[in-house]
Amino acid sequence: MKKLLYVFVSLSVLLAACGTAGTAAPATATEMATVPAPTITPVASASPPRAGTGTTPQTPTVTPSPQPSPTRLYPPEGYGPSNFPSNVNPLTGLQVADPTLLERRPMLIKVANLKRTVRPQAGLSLADIVFEYYTEQGTTRFAAIFYGNNADMVGPIRSGRFIDAHLVRGYKAVFAFGGAYVAEMDLFKKSGFWDRVAVEGPNSPLKRNPDLLPDHLYEETLFVNTADLSAYITARHVENGRQNLDGITFKLESPAGGQPGNQVIVYYSRSIYNRWDYDPTTGKYLRFSDTLDLTDDNQNEQYAQLTDRLTGQPIAFDNVVALYVTHEVYSSDSEGNKIYDIQLIGSGDGVAFRDGRAYQVKWQRNATDVVSLTNPDGIPFPFKPGTTWFEVVGVRSKVEQSAQGWRFTHLMP
């Protein structure tokens with residue numbers, strides 16, 4: 001099959017644009033034009049989900065051990081969307097054990113999701129926010145944002161996509177990735193954040209670890225330590241202080257209304273689909289990932305619970321949000337392989353899941369804003385204090401709602 005053209009930049013290219021790198025040292029901190037998307041209303045499903053999509057996992061469920069809640073004394077009025085206390089992470093609404101971590105930029109790290117042998121990925125359980133989105137040829141990739149925690153190892157790191165430019169600008173982030181299609185790389189170079197890019201090369205914190213995944217392709221062996229990544233940017237004399245990340249509202253109490261939302265299935269393709277099961281013991285959604293390529297859309301889906309290679313913990317998030325976002329075809333080759341431009345800017349519809357409930361929401365962001373949510377009446381929607389996983393699907397995507405839960409089927413333009 002004809003391969004799409006990708007380019008892999010070396011540190012020498014970055015140095016030419018940004019100056020000579022110094023020796024890495026620990027980071028010392030100081031530091032709308034609106035395009036509405038079509039409204040999508042859930043359609044009730046009269047028939048139960050196919051086998052493999054019900055509430056009973058097909059593999060043993062690993063539940064995180066209950067921990068003393070950091071939100072036990074959470075203020076009833078919550079936090080956000082602005083004026084966060086200096087020790088409260090504006091991406092999670094939680095106090096951090098080490099407030100000095102907030103005196104730096106967030107870090108956006110691209111993480112592979114296929115081949116399945118890259119699973120379990122490393123570090124995802126320590127991310128504040130993860131965006132999952134379609135790339136091409138039935139694949140998804142993760143953009144994991146780290147801020148309130150460090151992770152000794154994150155990866156495997158893979159290549160960037162157009163949507164990453166929106167995320168890097170919005171979260172004012174350091175950007176670690178493993179290369180890009182030539183048009184996407186050109187966009188990154190002209191983006192205004194090129195000095196905050198980290199790729200493989202001399203003195204780079206991105207390191208190969210072929211011993212970790214000995215049977216994998218070389219391109220699947222790239223990892224990074226987040227503390228090293230932040231220090232690397234500081235050592236290159238790039239401003240790395242606290243950023244304005246206002247925009248998200250957090251409240252411990254669940255919003256009124258909503259609908260049952262104990263299970264969420266997101267079907268991207270016959271090769272990539274996932275399920276989130278709400279665990280009332282921890283108040284989190286547990287991630288289950290595909291284990292089988294389907295031969296047709298009526299074949300039983302097969303899942304296994306996803307854990308973290310680094311921590312051994314289940315991938316469990318406090319909020320899961322499906323975002324309907326415009327996908328446009330940027331280019332395609334003679335074999336039908338397409339590059340997509342996912343336009344995560346302006347506003348659109350979505351469904352937010354927290355505390356086992358589902359809520360119709362609107363998402364919005366300006367060019368330099370984080371993703372925020374409102375109720376349909378425009379009042380800010382409160383995220384549950386904690387971590388958030390965004391599932392990005394096309395505006396034409398199909399959503400079915402049944403007694404078992406919600407099912408989103410991603411549809412392209």
Side-chain angles (χ1 to χ4, degrees), residues 34 36-45 49 55 71 74-81 90-94 128-133 247-267 274-280 282-287 316-325 344 346-365 369-410:
T34 301
T39 300
I40 300 178
T41 304
V43 178
S45 175
T55 56
T71 60
Y74 208 78
E77 69 277 12
Y79 291 121
L91 301 186
T92 65
L94 295 176
D128 294 338
I129 294 174
V130 175
F131 288 84
E132 179 173 12
Y133 58 83
I248 308 176
T249 298
F250 299 93
K251 286 188 178 179
L252 184 59
E253 182 179 3
S254 300
Q259 298 171 281
N262 286 316
Q263 186 177 85
V264 185
I265 294 172
V266 185
Y267 183 93
N274 66 72
R275 191 182 78 219
W276 295 91
D277 290 349
Y278 179 66
D279 174 26
T282 60
K284 295 177 179 289
Y285 285 86
L286 306 178
R287 166 88 176 202
F317 277 66
D318 297 282
N319 306 278
V320 176
V321 184
L323 302 176
Y324 300 110
V325 181
L344 189 59
S347 65
D349 296 302
V351 183
F353 298 87
R354 54 164 292 179
D355 302 311
R357 304 289 293 174
Y359 302 87
Q360 297 285 343
V361 295
K362 297 282 188 178
W363 66 264
Q364 61 183 23
R365 66 171 297 272
D369 288 348
V370 304
V371 173
S372 61
L373 301 180
T374 66
N375 295 309
D377 60 7
I379 297 174
F381 175 83
F383 288 72
K384 181 176 183 176
T387 54
T388 300
W389 190 291
F390 289 103
E391 300 281 4
V392 178
V393 298
V395 294
R396 296 177 53 247
S397 296
K398 179 182 178 183
V399 59
E400 300 169 278
Q401 186 183 351
S402 70
Q404 284 73 24
W406 295 66
R407 180 183 180 87
F408 298 86
T409 301
H410 171 68

If we only count heavy atoms from C-beta on, is the [X] to [Y] side-chain gap below 4.5 Å?
| X | Y | value |
| --- | --- | --- |
| Val399 | Arg407 | no |
| Arg354 | Ser254 | yes |
| Tyr278 | Asp355 | yes |

Partner residues of [X] under the side-chain hydrogen bond (donor to acceptor under 3.5 Å, both in side chains) criterion, sequence neighbours left out:
| X | value |
| --- | --- |
| Thr374 | none |
| Tyr133 | Lys110, Asp164 |
| Asn319 | Thr388 |
| Arg287 | Glu132, Ser289, Glu391 |

Closest contact, heavy atoms only, [X] versus [Y]:
| X | Y | value |
| --- | --- | --- |
| Pro380 | Thr249 | CB-OG1, 3.6 Å |
| Lys362 | Asn375 | CG-O, 4.4 Å |
| Pro385 | Lys251 | CD-O, 3.2 Å |
| Val351 | Val361 | N-CG2, 3.9 Å |
| Gly283 | Asp318 | O-OD1, 4.2 Å |
| Ala358 | Phe353 | CB-CE2, 3.4 Å |

| query | Going through the distances and angles, do Lys398 and Tyr267 end up as a side-chain contact (heavy atoms from CB on, under 4.5 Å)? | reply | CA-CA 10 Å; Lys398 179 182 178 183; Tyr267 183 93; over 6 Å; no

Would you confirm whether [X], through its side chain, and [Y], through its main-chain N or O, come within 3.5 Å as a donor-acceptor pair?
| X | Y | answer |
| --- | --- | --- |
| Tyr285 | Gly356 | yes |
| Arg357 | Gly257 | yes |
| Lys284 | Gly386 | no |
| Trp363 | Tyr324 | yes |
| His410 | Gly394 | yes |

Should the pair [X] and [Y] be assigned to parallel (<30°), tilted (30 to 60°) or perpendicular (>60°) ring geometry?
| X | Y | answer |
| --- | --- | --- |
| Tyr359 | Phe381 | tilted |
| Phe383 | Phe250 | tilted |
| Tyr79 | Tyr74 | perpendicular |

| field | For Phe317, ring pair (Phe, Tyr, Trp, His ring centres under 6.0 Å) partners two or more places apart | value |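 Residues passing ring pair (Phe, Tyr, Trp, His ring centres under 6.0 Å) with Phe317: Trp389.
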
Once you round to the nearest 0.5 Å, how far does [atom1] of [X] lie from [atom2] of [Y]?
| X | Y | atom1 | atom2 | answer |
| --- | --- | --- | --- | --- |
| Ile129 | Thr92 | CD1 | OG1 | 8.5 Å |
| Leu373 | Gln364 | CG | CD | 8.5 Å |
| Ser397 | Asp349 | OG | CG | 11.5 Å |

| Given the side-chain rings of Phe390 and Phe131, with only the six-membered ring counted for Trp, is the space between their centroids under 6.0 Å? |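 Ring centroids of Phe390 and Phe131 are less than 6.0 Å from each other.
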
| said: Restricting to salt bridge (Lys or Arg N to Asp or Glu O under 4.0 Å), what partner residues turn up for Asp128, sequence neighbours left out? | reply: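 With neighbours one apart ignored, the set is empty.
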
